[in-house]
Amino acid sequence: MADRRTRGMTGSDLSRTNTSNTAARALAIAEQLHHECSILLELYRKKESFAADVPVSDSRLVSVPPPSSQLDTRDQLWRLHSALLQCRSLMERAIAKEEEELDDGRKSEYETQRKMVKDRLSFLLITIGELLKAADGTVGVTPSGEGLELDGPTVLFELKLWVYRIFKEVDYWTKTAITTLQALPSVTAKERARTRQVRSTRRARR
């Protein structure tokens with residue numbers, strides 16, 4: 001039955017199905033990453049004895065065009081991909097600075113969680129890159145990193161706050177990724193179809 005349905009599909013039907021599946025996969029990765037970011041922030045606060053409301057700057061570390069309802073799907077994805085690329089660059093530098101300045105040689109749950117978040121972020125970037133390619137055949141220009149605070153401060157406490165701020169930035173853009181991906185037409189259509197299927201199953205059981 002499934003084979004007959006597949007054979008009856010046109011190329012554009014298959015493309016839409018593949019894009020929808022990729023978008024749903026990206027959303028699932030983003031949701032998992034958000035959960036893992038929350039754990040990382042908690043572990044870092046515990047490691048550094050930071051209060052939950054430790055004061056950090058509200059200004060963004062990442063530089064991308066401001067959000068706009070006028071942006072089409074491709075531009076929204078490009079903005080998101082660009083922001084997440086910058087987040088990964090910042091996170092890689094934060095890890096390097098921690099290992100240079102703060103590493104005590106012991107591996108703990110925190111280091112394991114930090115690696116998990118970085119790897120999941122890379123996976124999310126790959127998946128959003130696939131969506132960009134489907135949108136117009138290219139991933140777009142990779143940000144140069146110019147203007148990012150990659151060196152970090154030299155005063156120890158400020159360095160710790162800088163690392164924490166980077167983790168908060170990753171968390172912020174992960175939440176933005178979830179919102180952006182949930183609003184994509186392919187994901188919205190898939191959610192509507194799933195809702196209809198659940199309702200239909202419930203009615204059949206009655």
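Computed from a prediction, not measured in an experiment: that's the story for all the values here.
No more than 12 heavy atoms of other residues, nucleotides or ligands shown are found within 6.0 angstrom of NZ on K46.
Considering only heavy atoms from C-beta on, Q86 comes within 4.5 Å of V64 through its side chain. Between K160 and L156, some side-chain heavy-atom pair lies under the 4.5 Å cut-off. Using a 4.5 Å heavy-atom threshold, the side chains of F167 and V163 count as touching. In this structure, R88 and L84 have side chains that are not in contact, with every pair of non-hydrogen atoms separated by 4.5 Å or more. Looking only at side-chain heavy atoms (C-beta outward), Q32 and H35 come within less than 4.5 Å of each other. Counting heavy atoms from C-beta on, the side chains of E42 and S38 never come closer than 4.5 Å.
Between the side chains of W162 and E158, not a single donor N or O lies within less than 3.5 Å of an accepting N or O. Side-chain contact check for Y110 and E98: at least one donor-acceptor pair (N or O, by modelled atom type) lies under 3.5 Å. Judged by distance alone, the side chains of S108 and E111 do bring a donor and an acceptor atom under 3.5 Å apart.
Within the model, atoms CG of L124 and CG of D119 stand 12.5 Å from one another, a figure rounded to the nearest 0.5 Å. Taking CG of D171 as the start and CG of L33 as the end, the distance is 8.5 Å to the nearest 0.5 Å. For the atom pair CG of L125 and CG of L85, the computed distance is 4.5 Å after rounding to the nearest 0.5 Å. To the nearest 0.5 angstrom, Y44 atom OH is 5.0 Å from F50 atom CZ. Note that OG1 of T112 and CD1 of I39 are 12.0 Å apart. Values are rounded to the nearest 0.5 Å.
Annotation for W173 and R79: closest pair CH2-NH2, 3.7 Å, computed over non-hydrogen atoms. Closest non-hydrogen pair, L80 versus T176, comes out as CD1-C, 4.4 Å. The minimum heavy-atom distance between E169 and V62, with the atom names listed, is OE2-N, 3.0 Å. In terms of heavy atoms, A94 sits closest to I166 at CB-CD1, 3.7 Å. When all heavy atoms are compared, the tightest approach of R45 to A51 is CD-O, 3.5 Å. Looking at every heavy atom in both residues, H34 comes nearest to T174 through N-CG2, 3.4 Å.
No continuous path of hydrophobic side-chain contacts links M91 to M116 [ILVMFWY only; heavy atoms under 4.5 Å]. Residues L71 and L184 do not share a hydrophobic cluster, defined by chaining ILVMFWY side chains whose heavy atoms lie under 4.5 Å apart. Under the 4.5 Å side-chain contact rule for hydrophobic residues, I128 and I126 do not share a cluster.
A salt bridge does not link R114 to E36: none of the charged side-chain nitrogens sits closer than 4.0 Å to a carboxylate oxygen. A salt bridge links R93 with E100; the closest basic N to acidic carboxylate O contact falls under 4.0 Å.
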Stepwise side-chain hydrogen bond (donor to acceptor under 3.5 Å, both in side chains) check, Q113 with E109: CA-CA 6 Å; Q113 188 69 23; E109 184 184 358; over 6 Å; no
Derivation and outcome, side-chain hydrogen bond (donor to acceptor under 3.5 Å, both in side chains), residues R165 and S59: CA-CA 10 Å; R165 190 178 168 199; S59 62; 2.7 Å; yes
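Figure legend: R60 and Y172 shown as a cation-pi pair, the cationic atom lying under 6.0 angstrom from the six-membered ring centre and within 45 degrees of its axis.
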